[in-house]
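The structure appears right after this line, and notes come after that.
Chain letters run A, B, ... following the sequence lines, proteins first, then strands; residues in each count from 1.
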Amino acid sequence: MRHIISILLENEAGALSRVAGLFSARGYNIASLTVAPTEDPSLSRMTLVTSGSEGVVDQIRKQLNKLVDVVKLVDLTDNERIEREMLLIKVAAEGEERDEIKRLSDIFRGRIIDVTDRAYTIELTGDGGKIDAFISVLQPRRILEVVRSGVIGIARGSITVKPDAP
Amino acid sequence: MELTGAEIFVRCLRDEGVEYLFGYPGGAVLHIYDALYKQEEVKHILVRHEQGAAHAADGYARSTGKPGVVLVTSGPGATNAVTGIATAYMDSIPLVVFTGQVMTHLIGDDAFQEVDAIGITRPCVKHNFMVKDVRDLALIMRKAFHVATTGRPGPVVVDIPKDITAHKTSYVFPQDPTLRSYKPVRDGDPAAIRKAAAVLAQAKRPMVYAGGGVVLGNAATELTELVRWLGAPCTNTLMGLGAFPATDPLFVGMLGMHGTYEANMGMHECDVLLAVGARFDDRVTGDLDKFCPNARIIHIDIDPASIQKNVQVEIAIIGEAGLVMREMLAALKGAGVRLDEAALKAWWHKIDAWRARHCLEYDRANTEVIKPQFVLETLYRLTGGDAFITSDVGQHQMWAAQFYKFDKPRRWINSGGLGTMGFGLPAAIGVQLAHPDATVACVTGEASIQMCIQELSTCKQYDLPLTIVNLNNRYMGMVRQWQEFFYQSRYSHSYLEALPDFVKLAESYGHAGLRIDKPHDVEAALKEALGQRGRLVFLDFITDQTENVYPMIAAGAGHHEMHLATDRELA
């Protein structure tokens, strides 16, 4: 089953490699991984999407918690949550296609952020399903380049992932 | 007053109470070696290879419970130490390893003797640190010792660029080494402990399976009290030998691949299994589908990641083994219940029948060729079971584990998890330094000993009166055994041609050497060596080439599918 795990990590050189190394050394899957500093510059927030049997995911959580650089770990899978991914997509846009692509982008609440005579670059955010759907409607056209950020996630309501939260 | 990084390094070691530093100098650590030269509190032991430094510090740590400390230079100094670091990691041994590093401004330039020590050691350390500012040095060192020695212990590497050791700052020994992201658990959950006690109290066929965690957690006393109160059979893992007294009638021997018949059959038929400080290693469990098929399992461990990793258990208690077992015994006594006496009696009747198979029997009557088991039995008898025994890896290791009855923890020093050949001799150096008046014997084989033979020179330099028990069968014995059983006796590259003359070799290092090839000379030779309090004696026992380690559970079989020596067939 797919799990989305949020981690607060010491914002130190090498911390990311400890997480990535753990996954390769123990043969765990990583579907996506994003990381950036938080409002507290000493901490990074990582969102990790993985999959496996309950036993494997249990081990993943425990092994991650064991890393000395991991300050806090919450498996968001158990919570109501919001997931977002960002897509930057460059698509060939010529002739009458230009209007159609613009309309599709509007329907998906995308934004055209760069324009040339022959192409649009569109920015889109949403959960993975929405991003997949948008790429798939553009598929019959000529997609020049796709960049996806990987998933970030946050729990709904008052639940927070903080160093001293229980 | 400001001190250099090198001076702070030495002051920190002193303030941590470090007695011995095992190391080897080189360019990146010369400032530190200069600071070491100017003081006498921290004693530096010069090894002959950095792997030896890590193993010697490891032997020191295993035999004392204190952290072992290592100092090596950058590049090859660090990579040579990696095998020793990984050995300590697999067996959860507290080591603090300082690696020199090239100057900060050269890092990443492929400078002379540069390696990414942090990256290379990352998968085999509990944690590692790089020092980027001399003002952080003291605190990082303090944290390194804290992390290495608390919770589930393990090796910690601190990488120190050369320029940091020359920079100056003021020195204060940091009082608080705690990290916000590292909070090891101590006490077990009282509700889980009560529940476990209730399950134990109902047991009709209880079994206690204790591992290295009991030794590392200094919980042998608590284990012994609990087992004796229960009246249950107790088995120890290879790493746990000595956690429960081997001469106690409740002890059924080691379990696992080369464990005793009674221990493994007891595992297979028990109805409640109490696992303490053990991690259900594959060499212990055999086929997981056939593991303890009838048992409710209780698991005490300090590492949450050890719980439900290989075996699903009913009750998990995360905490220090000693504290948890003390609470458990109190809960059992408080509940005022005893185990069903009749059931326990019937259980012991069964165990005694398994014992009567005498699974460790061998050809004692042989007067022609030395049986390796006979050497170890004699060593046990002559030392009264009170020696420190270090071991290398292979058949001799299993025989030592089977035939030397350890009544005390921290006496049996071997590489269990990683199985590092070459461990025994340097480990013995660390043990003997920590216990200068104790008898320390290194049980080894002609293949293993050659992997770190250069440390005989270190033994000479520091006058370490070790007894080397070399069981020389001219084969990599365990490899030969597997080839005999599973590869139709095709002995591919397991025969050691061109062996050195170990007697002359020992003598050339300044030690005494003896070759023994008849069973009736074994006792006299051991007596001679053990009586030499002033010097190292290398005993080269020419042993039976065909002897195999029994009993044996083939890989992938269950505990009840053991092969005894009398079966003489396998696979």
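- Surrounding CG of B:Asp176 are more than 12 heavy atoms belonging to other residues, nucleotides or ligands, all under 6.0 Å away.
- The environment of CZ in B:Arg135 is sparse: at most 12 heavy-atom neighbours from other residues, nucleotides or ligands sit within 6.0 Å.
- Rounding to the nearest 0.5 Å gives a distance of 12.5 Å between NZ of B:Lys309 and CG of A:Asp58.
- Highest contact tally toward chain B, considering only A:Lys66, A:Arg18, A:Gln63, is held by A:Arg18 [criterion: heavy-atom pairs under 4.5 Å].
- Annotation for A:Lys90: atom NZ does not count as buried by contact number, only 12 or fewer foreign heavy atoms lying within 6.0 Å.
- Put simply, the side chain of A:Leu43 reaches to within 4.5 Å of the side chain of B:Arg180, judged on heavy atoms.
- Chain B forms more heavy-atom pairs under 4.5 Å with one residue of A:Glu10, A:Glu12, A:Arg61 than with any other, namely A:Glu10.
- In this structure, the side chains of B:Gln308 and A:Lys62 come closer than 4.5 Å at one or more pairs of heavy atoms.
- Heavy atoms of other residues, nucleotides or ligands lying less than 6.0 angstrom from CZ of A:Arg2 number more than 12.
- In this structure, the portion of B:Asp303 lying under 4.5 Å from any heavy atom of chain A is its side chain and not its backbone.
- Counting heavy atoms of neighbouring residues, nucleotides and ligands inside a 6.0 Å radius, atom CG of A:Asp117 does not exceed 12 of them.
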Practice prompt. Mind running side-chain contact (heavy atoms from CB on, under 4.5 Å) on A:Gln59 and B:Asn310 for me, showing each step along the way?
Written response: CA-CA 10 Å; A:Gln59 266 298 308; B:Asn310 299 334; over 6 Å; no
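- Heavy-atom contacts from other residues, nucleotides or ligands closer than 6.0 Å to CD of A:Glu80 number 12 or fewer.
- Of the atoms belonging to B:Lys183, not a single heavy atom falls under 4.5 Å from chain A.
- Considering only heavy-atom pairs separated by less than 4.5 Å from chain B, the leading option among A:Ala25, A:Ser17, A:Ser24 is A:Ser17.
- For chain B, the nearby part of A:Val70 is the backbone; its heavy atoms alone come within less than 4.5 Å.
- Within the 4.5 angstrom heavy-atom criterion, atoms from both the backbone and the side chain of A:Asp69 approach chain B.
- Atom CD1 of A:Ile112 has more than 12 neighbouring heavy atoms from other residues, nucleotides or ligands inside a 6.0 Å radius.
- The number of heavy atoms from other shown groups lying within 6.0 Å of CD (A:Glu96) does not exceed 12.
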